[in-house]
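The next block holds one structure in the form of structure tokens; read it before the comments.
Below, each value reflects all heavy atoms present in this structure, side chains not excepted, and no hydrogens, waters or symmetry copies. FYI, the numbering just counts along the sequence from 1.
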Amino acid sequence: MDALKKFDGQYWRSLFDSRVGKTTWPYGSGVWSKKEWVLPEIDSDDIVSAFEGNSNLFWAERYGKQFLGMNDLWVKHCGISHTGSFKDLGMTVLVSQVNRLRKMHKPVVGVGCASTGDTSAALSAYCASAGIPSIVFLPANKISMAQLVQPIANGAFVLSIDTDFDGCMQLIREVTAELPIYLANSLNSLRLEGQKTAAIEILQQFEWEVPDWVIVPGGNLGNIYAFYKGFHMCKELGLVDRIPRLVCAQAANANPLYVHYKSGWKDFKPVKANTTFASAIQIGDPVSIDRAVFALKKSNGIVEEATEEELMDAMAQADSTGMFICPHTGVALTALSKLRNAGVIAPTDRTVVVSTAHGLKFTQSKVDYHSKEIKNMECRFANPPVQVKADFGSVMDVLKKYLLSKNSKF
């Protein structure tokens with residue numbers, strides 16, 4: 001920080017802004033456009049990048065007005081990325097550093113991770129790009145085929161293990177302690193250095209005006225700390241004069257941070273994570289718990305939770321306004337809804353919801369919802385196709401009924 005403080009906030013704002021959308025290697029990446037703040041000593045030739053970042057900050061006008069009475073709601077679509085999730089932001093930094101170490105002839109034979117899907121997709125893609133072996137520990141029968149196919153397609157060595165994510169995490173930590181395999185989970189701070197750039201990007205996209213609230217889904221809890229770090233660095237280095245309040249949103253079926261928050265930050269206890277549609281945050285013993293608590297305390301933050309029905313309904317509502325979000329974003333939108341209803345977030349507060357993965361990775365859960373095939377769930381906003389005979393009269397009858405329901409003047 002002392003080295004970075006030799007330049008004022010105006011210098012950094014101008015430098016970062018001058019690189020947006022350029023093709024100059026490696027600054028066209030949303031991560032590497034902040035290279036001096038991320039991994040300053042790496043040679044640009046060692047960087048492994050797919051020009052990740054620079055993701056859409058979407059004004060969720062209809063969703064905000066229709067469901068929340070808000071006119072300044074934004075969704076940061078971090079899932080519109082090379083492998084379809086925010087994990088690319090951290091993985092480009094980690095794999096670049098491994099690439100550098102291997103060129104320096106350090107004993108690194110490959111990179112490994114435990115994953116519920118998105119981490120393995122990002123790791124395998126970036127390793128494949130650099131020609132580095134990747135090893136993935138996945139919990140058997142716990143993740144979607146859309147997520148599982150990515151590391152397989154990218155040539156990773158995939159182990160499907162009969163345990164949950166926490167069990168995979170324990171195993172990979174034991175294995176990497178014995179073998180020259182580099183650990184790629186968010187326990188590794190290189191990941192967080194990349195992920196913090198999404199926070200800086202939000203400020204850039206608002207022309208360096210600070211939003212009131214930023215809501216982030218939380219599982220292993222590295223991301224909430226990464227967002228805090230990005231905002232904090234911008235304040236510390238004079239780019240902005242304050243930081244937003246942070247909200248960490250958890251699935252009720254995997255909510256150790258929420259329970260900890262509700263206890264007044266008394267002794268933290270891991271939980272046994274139950275199955276949730278928000279599979280990437282189905283984690284009961286998060287490795288970044290201490291960092292997350294620090295970030296929330298420093299940002300006057302809040303922790304909220306979402307039941308399975310709440311998160312799936314929120315996802316369906318968001319999709320009905322033109323978004324196509326993941327269940328984790330449904331968790332964050334549920335947290336927003338609860339805080340709006342409680343009057344904590346005001347209708348005019350500028351609020352950013354972080355969307356962490358692309359909805360296309362979760363099509364099966366969407367199909368099940370709209371088919372009303374989820375056990376013990378009402379699926380209130382399901383929109384199944386209407387079965388109709390192949391004749392003009394039947395089609396006209398159905399269409400007239402539909403149009404009348406939409407517009408009484410018709």
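- In this structure a side-chain-to-backbone donor-acceptor pair under 3.5 Å is missing from S96 to I47.
- S14 contributes no side-chain N or O that, together with a main-chain N or O of Y11, makes up a donor-acceptor pair within less than 3.5 Å.
- Checking side-chain atoms of T92 against main-chain N and O of D88 turns up no donor-acceptor pair under 3.5 Å.
- The closest side-chain heavy-atom distance from M70 to L336 is below 4.5 Å.
- With salt bridges taken as basic N to acidic carboxylate O contacts below 4.0 Å, one links R380 and D313.
- In terms of modelled atom types and a separation under 3.5 Å, the side chain of H77 and the main chain of G79 share no donor-acceptor contact.
- How far CZ of F86 is from CG of D118: 7.5 Å, rounded to the nearest 0.5 Å.
- Using a distance-only test at 3.5 Å, with no hydrogens or angles considered, no donor-acceptor pair links the side chain of N154 to the main chain of A156.
- At least one side-chain heavy atom of C234 sits less than 4.5 Å from a side-chain heavy atom of W37.
- With rounding to the nearest 0.5 angstrom, the SG atom of C248 is 5.5 Å from the CG atom of L221.
- With hydrogens and angles ignored, the 3.5 Å screen pairs no side-chain donor or acceptor of E309 with any backbone N or O of T307.
- The neighbour count for K235 NZ, taken as heavy atoms of other residues, nucleotides or ligands under 6.0 Å away, does not exceed 12.
- Within 6.0 Å of CG on D43 lie more than 12 heavy atoms contributed by other residues, nucleotides or ligands.
- A pairwise comparison of heavy atoms in Q195 and N223 identifies NE2-OD1, 3.2 Å as the closest pair.
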**Request:** Apply salt bridge (Lys or Arg N to Asp or Glu O under 4.0 Å) to E41 and R100, showing your working.
**Result:** CA-CA 11 Å; E41 75 282 9; R100 177 180 183 232; 3.8 Å; yes

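- Taking NZ of K298 as the reference point, atom CD1 of I243 lies at 9.5 Å (rounded to 0.5 Å).
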**Request:** Verify ring-ring contact (aromatic ring centres under 6.0 Å, His included) between W74 and F58, making sure each step is shown before the conclusion.
**Result:** CA-CA 5 Å; W74 302 77; F58 172 77; 8.5 Å; no

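- In the displayed structure, K106 atom NZ is contacted under 6.0 Å by at most 12 heavy atoms of other residues, nucleotides or ligands.
- Between L73 atom CG and R62 atom CZ the span is 14.0 Å, to the nearest 0.5 Å.
- Shown here are the ring pair (Phe, Tyr, Trp, His ring centres under 6.0 Å) partners of F157, two or more places apart in sequence or in another chain: there are none.
- Listed for the D349 side chain is a donor-acceptor partner under 3.5 Å among the backbone atoms of A346.
- Using a cut-off of 4.0 Å between Lys/Arg side-chain N and Asp/Glu carboxylate O, K372 and E378 are scored as not salt-bridged.
- The aromatic rings of F227 and F231 lie tilted to each other, with the angle between the two planes from 30° to 60°.
- Put simply, the side chain of V247 does not reach to within 4.5 Å of the side chain of V303, judged on heavy atoms.
- When every heavy atom of P139 is checked against every heavy atom of T163, the shortest pair comes out as CB-O, 3.0 Å.
- Residues F362 and H328 place their aromatic rings such that the two centres sit under 6.0 Å apart.
- When every heavy atom of A278 is checked against every heavy atom of V331, the shortest pair comes out as CB-CG2, 4.0 Å.
- Atom OH of Y182 and atom CG of L94 lie 5.5 Å apart (nearest 0.5 Å).
- For T276 and E308, the side-chain atoms include at least one donor-acceptor pair closer than 3.5 Å.
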**Prompt:** Does the side-chain hydrogen bond (donor to acceptor under 3.5 Å, both in side chains) test come out yes or no for S55 and K76, once each step is laid out?
**Reply:** CA-CA 7 Å; S55 57; K76 177 67 169 162; 3.1 Å; yes

**Item:** Residues K366, D319; criterion salt bridge (Lys or Arg N to Asp or Glu O under 4.0 Å); working and verdict
**Value:** CA-CA 10 Å; K366 292 176 185 284; D319 288 355; 2.5 Å; yes

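- A salt bridge (Lys or Arg N to Asp or Glu O under 4.0 Å) check over residues 8-28, counting only residues at least two apart or in different chains, returns the pairs R19-E36.
- You'll find the side chain of I135 reaches within 4.5 Å of the side chain of I181, heavy atoms only.
- Geometric assessment of K87 against the ring of Y126 yields a negative cation-pi assignment under the 6.0 Å and 45° thresholds.
- Between I42 and Q97, the shortest heavy-atom distance links the atoms CD1-N, 4.2 Å.
- Two residues are said to be in side-chain contact when any heavy atoms from C-beta on lie closer than 4.5 Å; Q282 and D164 fail this criterion.
- When the shell of 6.0 Å around CD of E174 is examined, it contains more than 12 heavy atoms from other residues, nucleotides or ligands.
- At least one donor-acceptor pair under 3.5 Å links the side chain of W25 to the backbone N or O of S44.
- The closest side-chain donor-acceptor pair between E52 and S29 falls under 3.5 angstrom.
- Distance alone, capped at 3.5 Å, places no donor-acceptor pair between the E305 side chain and the A249 backbone.
- When side chains are defined from C-beta on, V293 does not count as touching Y261, because their heavy atoms never get closer than 4.5 Å.
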**Item:** D212 and R242: CA distance, side-chain angles, deciding distance, salt bridge (Lys or Arg N to Asp or Glu O under 4.0 Å) verdict
**Value:** CA-CA 10 Å; D212 299 299; R242 64 185 181 91; 3.8 Å; yes

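- Summarising the local packing, NZ of K272 is surrounded by 12 or fewer heavy atoms from other residues, nucleotides or ligands at distances under 6.0 Å.
- Between R102 and D46 there is no salt bridge, since no side-chain nitrogen of the basic residue lies less than 4.0 Å from a carboxylate oxygen of the acidic one.
- Between atom NE2 of residue H260 and atom CG of residue L296 there is a gap of 10.0 Å, rounded to the nearest 0.5 Å.
- I161 approaches C168 most closely through the heavy-atom pair CB-SG, 4.3 Å.
- V38 and T197 make their closest contact through CG2-CG2, 3.7 Å (heavy atoms, listed as atom of the first residue, atom of the second, distance).
- With a 4.5 Å cut-off on side-chain heavy atoms, T356 and C78 do not count as touching.
- S405 contributes a side-chain N or O that, together with a main-chain N or O of Y402, makes up a donor-acceptor pair within less than 3.5 Å.
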